[in-house]
Asker: 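Sharing a structure below in structure tokens format, with a few things to ask.
Numbering of ligands and ligand atoms starts at 1, following listing order. The residues of the chain are indexed from 1 along the displayed sequence.
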Amino acid sequence: MFKPVLQDGHNRRVSYVRISVTDRCNLRCSYCSDPSFSFRDRAEILSYEEIIQLVRVLATLGVDKVRLTGGEPLVRRHLDSLITRIGEIAGISDISLTTNGVLLENLAHSLWHAGLRRINISLDTLDRQKFVRITGRDYFDRVRAGIETALAVGFSPVKINAVVMRGVNDDELLDFARLTLKYPLHIRFIEYMPIGRASTWSGAEVVTEAEMLERIAAGLGRLEPVAAASSGPARLYRIAGAPGRIGVIAAMSNHFCATCNRIRVTADGRLRPCLLSDNEFDLKGVLHGGGDFAKIAALVRQAVAGKSAAHEMACNAERKCARMMSTIGG
Ligand code: SAM
């Protein structure tokens, strides 16, 4: 029969949820984590049962795509069992994962067997020393091994997400782009967003999509636009003959709010209709103890109905949302 449709107040269909399974992370990226933040008690974090109940409700409303994120999702035990169970929920057709890759080498096979096929790995530098400076941890080799294992196991596509920050890693645009000449990787450059009051973000550090594309084309030749396989936020390009793709997520300079189809759920169970707005709805309260299907659905509908037309940072880039990305779920 007809698929259910969850629609917001601006006629956008919401079909995609990003769920943070933990606020904990094994890296301490300077721009993503707040040194004064203390992790929540286990009781405050959504249990796997609560996540499954939530996804069941979302699926009946019209959500068909789930991404698991964090914190660092792979630090939560038995993530593979959660993936298997989400995959069994009627109506869910796509599950993906965003990870920093530190634990991926050992977990890639079990994630694959659980049914995961798509994976995004965050990596902001190809330089080991710089990796230590950005993340506070000497795990570059582990991430590289994680990426190699993901490719060998057969995940497709393997996407590498790099947040481009002027003066930090923008000198590596070409090095990242060159990886697409050799590997079937999707390198996705992300514009640096003003997230987290504790962050040192400044507009001067944002490298826009236009500048990135110009610098890559100047160094490596013309970029051919490529049609995206799914309706994601990245615009895709290819260097002639390359097996990989180059994508840019221009959340600041060319935001894609008009086609936004997603909502987010933080590890402590707050539904955020927009990444860059602090408007949140307390799902944890209604999910507690199994949760009443109708109440959960009503809260989701209420949150989605009020989803803003466009994020506030598009109009006022100096404004930062309160939470750091590590506690929202990127
Ligand atoms: N630990 C996982 C990882 O590293 O992919 C998942 C969570 S992490 C918060 C998700 C993504 O958010 C990372 O790629 C990170 O670089 C990105 N991120 C954090 N703060 C950001 C910001 N201010 N602007 C753009 N992206 C940001």
Side-chain angles (χ1 to χ4, degrees), residues 18-34 37 39 67-76 79 96-104 107 111 116 118-125 130-131 134-137 139-140 142-143 146-147 150 155 158-166 168-170 172 176 186-209 212 232-234 247-253 255-256 262 264-267 272 275-276 311 313-314 317-330:
R18 298 170 77 106
I19 303 175
S20 172
V21 297
T22 179
D23 58 351
R24 286 163 201 269
C25 189
N26 41 10
L27 298 181
R28 292 288 178 276
C29 299
S30 48
Y31 66 94
C32 185
S33 56
D34 175 357
F37 177 78
F39 297 122
R67 174 173 294 276
L68 300 178
T69 178
E72 169 48 38
L74 296 186
V75 301
R76 185 145 177 191
L79 191 75
S96 53
L97 177 78
T98 297
T99 171
N100 60 30
V102 172
L103 299 174
L104 193 55
L107 294 175
L111 293 169
L116 189 75
R118 299 198 305 112
I119 206 156
N120 288 13
I121 302 165
S122 303
L123 180 64
D124 297 328
T125 178
K130 200 191 282 185
F131 184 93
I134 295 175
T135 68
R137 300 285 185 273
Y139 290 159
F140 178 77
R142 291 200 200 185
V143 178
I147 294 170
F155 287 98
V158 174
K159 297 182 183 173
I160 306 294
N161 288 347
V163 178
V164 180
M165 294 164 276
R166 194 181 304 284
V168 176
N169 61 352
D170 63 320
E172 296 187 64
F176 271 109
H186 285 205
I187 304 291
R188 307 199 318 164
F189 296 114
I190 301 174
E191 286 181 358
Y192 186 24
M193 292 180 276
I195 300 179
R197 297 229 164 92
S199 102
T200 56
W201 182 95
S202 89
E205 282 171 287
V206 177
V207 182
T208 62
E209 172 180 39
M212 291 187 214
V248 183
I249 301 184
M252 298 303 295
S253 71
H255 69 80
F256 32 86
R262 63 191 59 187
R264 289 166 199 262
V265 178
T266 64
R272 267 178 99 96
L275 167 65
L276 293 169
H311 69 70
M313 283 68 181
E318 290 307 318
R319 195 184 157 130
K320 294 179 191 172
C321 61
R323 288 189 189 238
M324 298 294 275
M325 192 70 143
S326 60
T327 71
I328 300 174

Asker: Ignoring hydrogens, what is the shortest heavy-atom contact between L104 and I119? Give both atom names and the distance.
Answerer: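 For L104 versus I119, the nearest heavy atoms are CD1-CD1, 3.7 Å.
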Asker: Provide the closest heavy-atom pair for E172 versus T125 in the form atom of the first, atom of the second, distance.
Answerer: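 Distance-wise, the nearest heavy atoms are OE2-OG1, 2.6 Å.
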Asker: Run the side-chain hydrogen bond (donor to acceptor under 3.5 Å, both in side chains) test on R28 and S33 for me, step by step, so that the C-alpha distance in whole Å, both residues' side-chain angles and the decisive distance to 0.1 Å come before the verdict.
Answerer: CA-CA 6 Å; R28 292 288 178 276; S33 56; 5.6 Å; no
Asker: Within this structure, what is the CZ-NE2 distance for the pair R118 and H186, rounded to the nearest 0.5 Å?
Answerer: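 Here the rounded value is 10.0 Å.
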Asker: For the CD1 atom of I328 and the CZ atom of R272, what is their distance to the nearest 0.5 Å?
Answerer: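 The distance works out to 4.0 Å.
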Asker: Identify all pairs of nitrogen or oxygen atoms, one from ligand 1 and one from the protein, separated by less than 3.5 Å, and list them with distances.
Answerer:
| unit_1 | atom_1 | unit_2 | atom_2 | d |
| --- | --- | --- | --- | --- |
| ligand 1 | 1 (N) | G71 | O | 2.8 |
| ligand 1 | 1 (N) | E72 | OE1 | 3.0 |
| ligand 1 | 4 (O) | S122 | OG | 3.3 |
| ligand 1 | 5 (O) | T99 | O | 3.4 |
| ligand 1 | 5 (O) | S122 | OG | 2.5 |
| ligand 1 | 14 (O) | S122 | OG | 2.7 |
| ligand 1 | 16 (O) | Y31 | OH | 2.6 |
| ligand 1 | 23 (N) | M193 | O | 2.7 |
| ligand 1 | 24 (N) | M193 | N | 3.0 |

Asker: Who are the side-chain contact (heavy atoms from CB on, under 4.5 Å) partners of I187, not counting sequence neighbours?
Answerer: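 With neighbours one apart ignored, the set is I160, F176, L179, T180, L185, F189.
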